[in-house]
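Worksheet: one structure, shown below.
These numbers come from the heavy atoms of this one structure, side chains and all, not from hydrogens, waters or symmetry mates. Note that the structure is predicted; figures quoted are calculated from it, not measured.
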Amino acid sequence: MAMRSMLTSSGIMDNEADPSYFPFNDLTLMGSTGGLSPYSGSQGNMSITSPMSTSSSPMHITDNYINLTNASVQVLGEPYINILVHPMDKFRFRYKSEMVGTHGSLLGASNGRRRNKNNVPTVQLHNFLDKAIIRCTLVTTDDEHTPHAHRLVKRMGTTDIDDPHDIEVSSANDFTAEFHSMGIIHTARKNIKDEIVRKLRAEVLEERKRSNFNATLSLRDDAQIKADAERYQKIINLNTVTLCFQAFIKDQHNVMRSITTPVYSNPINNLKSALTGELKICRIDKYTSSCEGGEEVFILVEKVSKKNIKIKFFELNDDDIEVWTDYGRFSELDVHHQYAMVFRTPPYKDLYITSPREVFIQLERPSDSDCSEPIKFTYKPSDRMIGRKRTRVSHSNSEELAQMAFNLDTPLMNTPLMNVPSNNDSTEISKEIKKMLEDKCSSSEFKEFVDHINLDLYENLLAQSEENKLTYDGAPSKKDNEMFAKNVIIDTIKRIKANPDKSKDIIVNMLKDRTTYGDSPLHYALRYGQKDVIKRILMLMSFVRTKSEELVNIQNSSGKTPLHYAVSQEHAEITNALLILGADPNISDHYGQMPLHRAVKFPEAKASIDVLLAEEKINIETNTDLGWTPLQLAAEAGSYYAVCSLIKAGADVNNTDMSYGRTALHIAVEGGHKDIVELLLKNTKIDVNKRNFSGNTALHTAVVTPGMKAKEICALLLKYGADPYIRNFNREPSNIEGDQVQNIKTEIHSDDENMKESIGQSSFDLASNKPDILQLVSNQNDTSLGAIKCKEENIDDTQKVWMDAVQEKQLADILDETKGWKKLARHLNFENLFNNFEESSSSSTLLLLNYIAIQTNISLSDLQNILQSIGEESAAVYIGQILSVLS
DNA sequence: CACCTTTTCCC
DNA sequence: CGGGAAAAGGT
């Protein structure tokens with residue numbers, strides 16, 4: 001729309017007070033139809049060549065002003081009109097039947113600075129001294145600016161007066177015309193032609209009167225008008241109009257003569273239409289996401305067009321300046337019937353945030369860059385990031401000293417735990433834990449551990465760490481600071497020392513302590529990656545083996561057990577230890593996530609996954625509350641290793657997610673995880689053509705997935721038998737182009753042969769605007785079995801461009817000679833059908849070609865490509881010739 | 001008949 | 001008024 005207004009003279013004149021500017025050069029380029037000449041060359045080309053369009057041609061106007069305002073022009077220059085206030089860009093067009101009572105009138109655009117009470121479309125005439133008339137009419141928004149079929153009416157008392165609306169200007173009103181209380185009447189479709197005829201008649205009559213004030217319309221004029229009206233009604237866009245302003249003076253016969261070129265307002269769009277209507281997010285199923293993004297969000301929206309809509313995420317700083325922008329991830333298949341969409345959140349710019357960040361989401365329509373009102377959205381710190389961030393920040397002296405404090409005691413505990421663990425280190429830990437658990441923590445060892453811990457040094461550190469204490473989610477409390485778990489251990493040991501007889505009770509009670517988020521000490525140590533503390537807790541637990549099961553399965557306030565946190569970290573031995581202590585791998589958190597669901601998302605959790613999967617009782621097909629199995633989540637996260645492990649463990653690859661019926665294959669395709677796609681196709685019995693709830697196969701998804709890998713993934717799918725002819729359940733006419741002046745009614749696209757006869761979109765349809773993928777889909781398919789079975793539905797499609805008999809014969813000769821027809825048959829998997837052709841009469845190729853022509857969807861260029869690929873050079877060249885003749 | 005769009009109606 | 005929705009029309 002922006003571009004459009006640049007093209008009109010009004011766009012240029014707007015707010016320009018430069019009187020030396022004359023739009024005449026533009027006018028010559030733009031054609032002279034303006035709002036006034038109905039005849040604009042029957043081809044719809046530049047109308048200056050039309051003999052009939054003279055009313056506002058540059059020549060004509062020049063004549064006018066020389067005759068009429070000669071003197072003043074010498075001094076002032078050409079008269080011109082300048083738009084002071086444009087009309088509002090959105091307005092409800094009302095049907096005639098709705099025009100009872102009063103409805104809002106067309107106001108001026110809410111111009112930033114001038115906040116006028118009576119803000120209405122306003123224009124001013126310049127370089128003219130006498131009184132004149134400024135006329136306002138309704139015209140189309142396209143370059144021709146022909147009279148619009150809708151009516152621009154002005155309410156006078158109880159009656160509506162049609163355009164043109166004339167306002168007299170003079171020095172008395174500063175040559176300014178304000179157009180008040182106008183409305184736009186939406187002409188019913190059946191009346192459109194009549195309305196256009198009526199307007200054209202009035203115009204042409206006026207035009208005729210300029211040369212002869214007694215003139216009437218000739219038969220020829222009438223015929224021409226009817227023809228034009230016929231043409232206009234086909235291309236008219238009923239949802240956008242433009243105001244046309246032009247200045248006139250009346251001659252001695254009361255005939256209007258123009259003194260300026262017409263100028264055009266910005267377009268006015270119908271507020272009730274889908275194409276130009278208001279963008280709005282009506283409802284959203286959740287307004288938060290982890291800062292990592294990738295979370296599915298459902299929104300209900302006012303009518304959108306799936307090919308012309310984006311979901312923008314942005315953040316403003318304190319000065320309302322946009323500091324971050326990204327877009328929701330979705331394909332056109334995720335837009336449901338123009339009223340709802342499902343997308344994935346983009347990752348936030350900072351994955352290490354420790355407090356929530358407020359951002360905004362809004363709908364954005366690329367065609368006119370219009371946007372909905374933004375709504376708030378919150379990015380939350382990532383669960384998995386907590387530990388890391390902490391670890392990094394807390395690499396302070398006190399941390400290391402704290403380590404030493406612990407390291408002074410038993411020889412078992414002397415590894416530098418907070419360092420990045422080397423292999424040695426981790427086997428060391430593993431051994432320790434194993435030993436610890438196997439020995440069931442012999443009481444002597446336990447006693448030694450309790451006796452030798454260096455509490456004094458540790459307590460000093462406590463005070464010290466107060467200063468650089470880290471806050472968690474902005475709400476530090478005694479139980480929520482980083483020392484929580486350590487404090488519990490210290491307290492426990494102190495109490496045991498004081499009361500050795502009750503050590504088991506003390507341990508059980510102390511390890512049940514919780515933070516305000518419901519974390520037990522073990523949760524806490526795990527979440528903060530305090531490995532040394534973890535070990536100590538495990539040790540304490542192993543000492544109370546009978547109660548350990550209860551302790552190790554404590555759920556925090558989001559329902560997570562320590563195992564949930566253990567599995568996302570790389571120390572599988574901790575996971576193992578928890579399981580030995582009786583952790584139940586099947587406990588779900590409040591989102592229905594079991595530890596396995598969580599683990600599959602973390603690249604560093606590979607070993608833990610295998611440990612989990614080794615558990616006999618683990619259930620690997622459980623759905624989360626969102627209806628996803630671990631395998632599907634792994635596919636979503638792109639965790640190749642996890643997918644592998646799950647498949648080995650017997651996960652059902654054809655299981656589908658409950659919310660959309662996707663298999664892991666759909667999901668991997670959606671995420672662009674080519675490695676996983678290949679793994680699934682190659683090594684499992686996954687159904688490549690399984691359809692989700694919308695009827696989409698993985699190939700449908702692949703075709704509409706943005707990004708470089710999409711093509712390769714399509715190729716893979718096709719290679720493994722994906723059928724591009726399968727249609728989804730989409731029933732919409734998918735041809736609403738995002739382009740500005742498109743009117744649905746005028747769409748007579750017939751280049752989409754597949755489209756018309758049956759319902760739903762095939763992968764071809766979806767690929768129609770992606771040439772490379774389309775080609776891939778077409779070529780590949782013809783080589784696959786899929787090609788045969790789909791033919792039935794296309795048999796009635798006889799429009800197929802094919803060779804004529806002579807050409808067919810020639811091609812057959814070529815292929816008969818080289819025996820290339822055999823290769824072709826084999827390539828198309830038609831071998832069985834043609835096995836005994838050789839014996840049969842005439843040309844085998846001819847039969848084959850006939851079969852291809854009638855029974856398949858293979859086009860000439862497809863055939864050319866196939867021949868090329870099987871090395872039938874000369875045959876391919878021959879088809880190339882046919883094709884070039886055809887085009 | 002099912003499903004859209006357009007037009008009319010109503011609060 | 002602005003918004004919603006039923007009725008009428010079209011495929």
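Here A:Lys312 pairs with A:Glu322 in a salt bridge; the nearest charged N to carboxylate O distance falls below 4.0 Å. Ion pairing of A:Lys199 with A:Asp163 is present here, as a side-chain N (NZ or NE/NH1/NH2) and a carboxylate O approach within less than 4.0 Å.
The main-chain N or O of A:Asp723 is found under 3.5 Å from a side-chain atom of A:Asn689 such that the two form a donor-acceptor pair.
One interatomic measurement links the two molecules: NZ of A:Lys96 to P of B:dT7, which rounds to 13 Å at whole-angstrom precision. Rounded to a whole Å, the CZ atom of A:Arg189 is 18 Å from the P atom of B:dC4. Atom-to-atom, CG of A:Asn270 to C1' of C:dG3 comes out at 14 Å; the value is rounded to the nearest Å. The NZ atom of A:Lys190 sits 7 Å away from the P atom of C:dG9 (whole-angstrom rounding). If you take CE of A:Met99 and P of C:dG2, they are 13 Å apart, rounded to a whole angstrom. Between A:Tyr95 atom OH and C:dA5 atom P the separation is 18 Å, expressed in whole Å. Put simply, CZ on A:Phe93 is 18 Å from P on C:dC1, counting in whole angstrom units. Per the geometry, CD1 belonging to A:Ile184 stands 18 Å off C1' belonging to B:dT7, to the nearest Å.
Ring geometry for A:Phe179 against A:Phe245 counts as tilted: the plane angle lies between 30° and 60°, on a 0 to 90° scale.
Applying side-chain hydrogen bond (donor to acceptor under 3.5 Å, both in side chains) to A:Thr141 and the options A:Asn239, A:Asn269, A:Thr242 leaves one that passes, A:Thr242.
Scored by the side chain to side chain donor-acceptor pair (under 3.5 Å) test, A:His148 finds no partners at all (sequence neighbours excluded).
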Each nucleotide N or O in nucleotides 9-11 of chain B that has a protein N or O under 3.5 Å away: list the pair and distance.
residue, atom, partner, partner atom, Å
B:dC9, N4, A:Glu98, OE2, 2.7

